Amino acid sequence: MATDQRLTPQSKDFAAWYTELVQLAGLADYSPVRGCMVIRPYGYAVWELMQAALDDMFKSTGHQNAYFPLFLPQSALDREAEHVEGFAPQTAVVTRAGGETLEEPLVVRPTSEAIIWPVVANWIQSYRDLPILLNQWANVVRWELRTRPFLRTTEFLWQEGHTAHATAEEAQEEARRMLGVYREFMEEWMAMPVVTGEKTPSERFAGAERTFSCEALMRDNRALQAGTSHYLGQNFARAFEVQFQTEAGRHEYVWSTSWGVSTRLIGGLIMTHGDDEGLVLPPRLAPHQVVIVPIWKSEEQRRTVLDKARELRAALSGRVRIHVDDRENMTPGAKFFEWERKGVPLRIEIGPRDVAGSQVVLVRRLKGEADRKRPIDEAEAVAVLPELLTGLQAEMRAAAAARREENSVRADSDFEGFRSRMAGLGGFVYAGWCGREACEQKVKDETKATIRVIPDQEFRSQEPPERCLCCGRAPAEEVLWAKAY
RNA sequence: CGGGGCGUGGCGCAGUCCGGUAGCGCACCUGCUUUGGGAGCAGGGGGUCGCCGGUUCGAAUCCGGCCGCCCCGACCA
């Protein structure tokens with residue numbers, strides 16, 4: 001519905017801008033349950049587009065969807081020591097059901113390893129049954145102290161991939177492959193560039209041997225962990241007795257992986273591209289890529305203009321997601337503002353003058369071009385619209401990448417410089433790290449910045465850093481520091 | 001759990017200091033006029049003032065207790 005409420009500018013209060021935008025763009029709403037949000041139809045439409053794209057990618061890498069229960073027996077969760085320890089503080093537990101106290105409490109899944117592996121163990125006898133490549137789309141619950149729509153909620157939607165392999169090498173490759181899939185999705189679909197790499201031991205998933213991550217930089221210069229992929233080694237296989245017989249006839253535990261992205265991606269999308277007018281959606285994830293706003297005065301004009309609008313929609317449907325906003329009793333101006341707030345990439349205005357001249361007025365949502373609004377021949381519009389959208393997608397991606405680079409520093413900078421940067425501007429800082437947890441912790445305590453990732457080769461500096469940012473010793477690694485969500 | 005703020009029609013708020021039976025803007029409904037950047041006029045509907053208790057002839061307002069939400073910190077995708 002139309003509203004004249006203005007957004008707090010990003011520069012004034014980014015957090016306020018974000019929460020207001022989520023509401024005003026109709027993406028989500030608060031709910032009667034603390035920490036749990038309602039995803040509204042427009043927000044859910046974005047999620048469905050994300051799901052469709054990711055699901056295709058999972059299928060084409062050989063994965064199959066399945067569904068495992070919401071409840072985990074407490075005893076199952078308890079079987080992998082680090083895993084329980086990691087999740088215990090965040091679990092919701094059902095102790096009563098059917099009017100009686102349960103003999104064994106049921107944990108609402110914070111992630112599904114503990115119910116998948118005991119079951120899948122029965123599906124695996126020999127190496128011929130491997131690899132097992134599963135994915136599930138599900139909701140999970142992690143009790144959070146502080147929540148924000150999409151970024152951190154008590155219940156959230158995600159996909160979790162779970163795979164089992166006959167060798168460690170193959171499992172590691174799988175974890176890496178899926179990280180690559182995430183990266184491709186984030187860059188190609190979300191137009192959100194990411195730095196990939198490995199997490200330090202302190203930031204690892206509970207129970208994992210190695211955790212890989214995609215890290216994106218938001219417009220307020222804070223990092224967002226957008227997706228993670230874990231090499232679990234044989235930890236879960238041992239805990240849940242997932243064994244197979246090798247070609248040579250021996251029994252071995254499988255090597256497994258898990259990987260996930262969540263509705264948090266929508267938060268990333270908002271904070272990567274949104275501006276003071278509202279949401280800005282990349283065409284590939286826009287529920288409406290083009291909205292036609294008809295303009296009329298008389299009843300006769302209304303008919304002509306609407307006919308033209310529907311004709312145009314018909315000419316483009318199948319190639320472009322296009323919507324005709326034929327609501328009465330709402331002025332064109334109000335519609336312009338509403339669709340801009342909702343981030344629709346392109347708008348077409350059709351009035352009596354346009355119909356007479358066989359033209360339409362084309363307006364792009366993205367700022368930064370002098371002729372943001374221009375008349376275009378009707379037939380030409382039909383021809384060029386799809387490629388215009390492709391162009392916008394590329395433009396958004398390039399702009400986001402440029403912004404990230406402008407806010408990335410590569411320097412063996414001194415700790416004081418780093419401290420003041422993190423207190424002010426923020427952004428990504430590539431610097432040396434000696435590899436000791438004490439240094440990682442000290443920097444975190446003093447600056448709130450954390451090691452987001454040990455970047456993959458392609459992101460590393462040409463000149464490797466010479467000293468640890470914190471203690472000045474010879475660095476073991478170059479790492480990416482930032483304040484994170 | 002610590003610090004700060006706030007609970008009054010769907011949303012945003014005023015009224016609270018100084019008690020007298022609830023008001024404004026937006027949204028909503030009806031009608032007419034409008035429509036190329038957030039329409040105008042007229043009429044209309046909608047609120048146990050977060051909850052419980054106390055003081056009082058009388059409480060949104062004063063007192064006591066409780067609950068909830070938001071923001072900032074410690075845990076996390």
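Note: hydrogens, waters and symmetry copies are ignored here, and every other heavy atom, side chains too, is used. What you see is a predicted model; the values in this text were computed from it and never measured.
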inquiry  = Under the rule for salt bridge (charged side-chain N to carboxylate O under 4.0 Å, His left out), what residues qualify as partners of A/K373, not counting sequence neighbours?
reply    = A/E349
request  = Would you indicate what A/K199 reaches in the nucleic acid, counting non-hydrogen atoms under 4.0 angstrom: base, sugar-phosphate, or nothing?
outcome  = nothing
ask   = Side-chain N or O of A/K297 less than 4.0 angstrom from OP1 or OP2 on B/rG36?
value = no
inquiry  = Using a strict threshold of under 4.0 Å (side-chain N to carboxylate O), is an ion pair present between A/R436 and A/E440?
reply    = no
request  = Look at the side chain of A/K448 and decide which nucleotide, out of B/rG36, B/rA74, B/rG37, has an atom nearest to it.
outcome  = B/rA74
ask   = Nearest of B/rA77, B/rG38, B/rG36 to any side-chain atom of A/R341?
value = B/rG38
Min side-chain heavy-atom separation A/R403-A/L217 under 4.5 Å = no
inquiry  = Stacking between A/F336 and B/rG37, defined as ring centres under 5.5 angstrom apart with planes under 30°, is that present or not?
reply    = no
task = Decide yes or no on side-chain hydrogen bond (donor to acceptor under 3.5 Å, both in side chains) for A/T211 and A/E198, but give the supporting numbers first.
result = CA-CA 6 Å; A/T211 289; A/E198 184 166 357; over 6 Å; no
query = In residues 262-296 of chain A, which residues come under 4.0 Å of RNA chain B by heavy atom?
reply = A/S262, A/R264, A/I295, A/W296
task = Sequence neighbours left out, what passes salt bridge (charged side-chain N to carboxylate O under 4.0 Å, His left out) with A/R142? Give chain and number order.
result = none
ask   = At under 4.0 Å between heavy atoms, what does A/R372 touch on the DNA or RNA strands: base, sugar-phosphate, or nothing?
value = base
task = Side chain of A/R152 only, please: which of B/rA77, B/rG37, B/rU35 is the nearest?
result = B/rA77
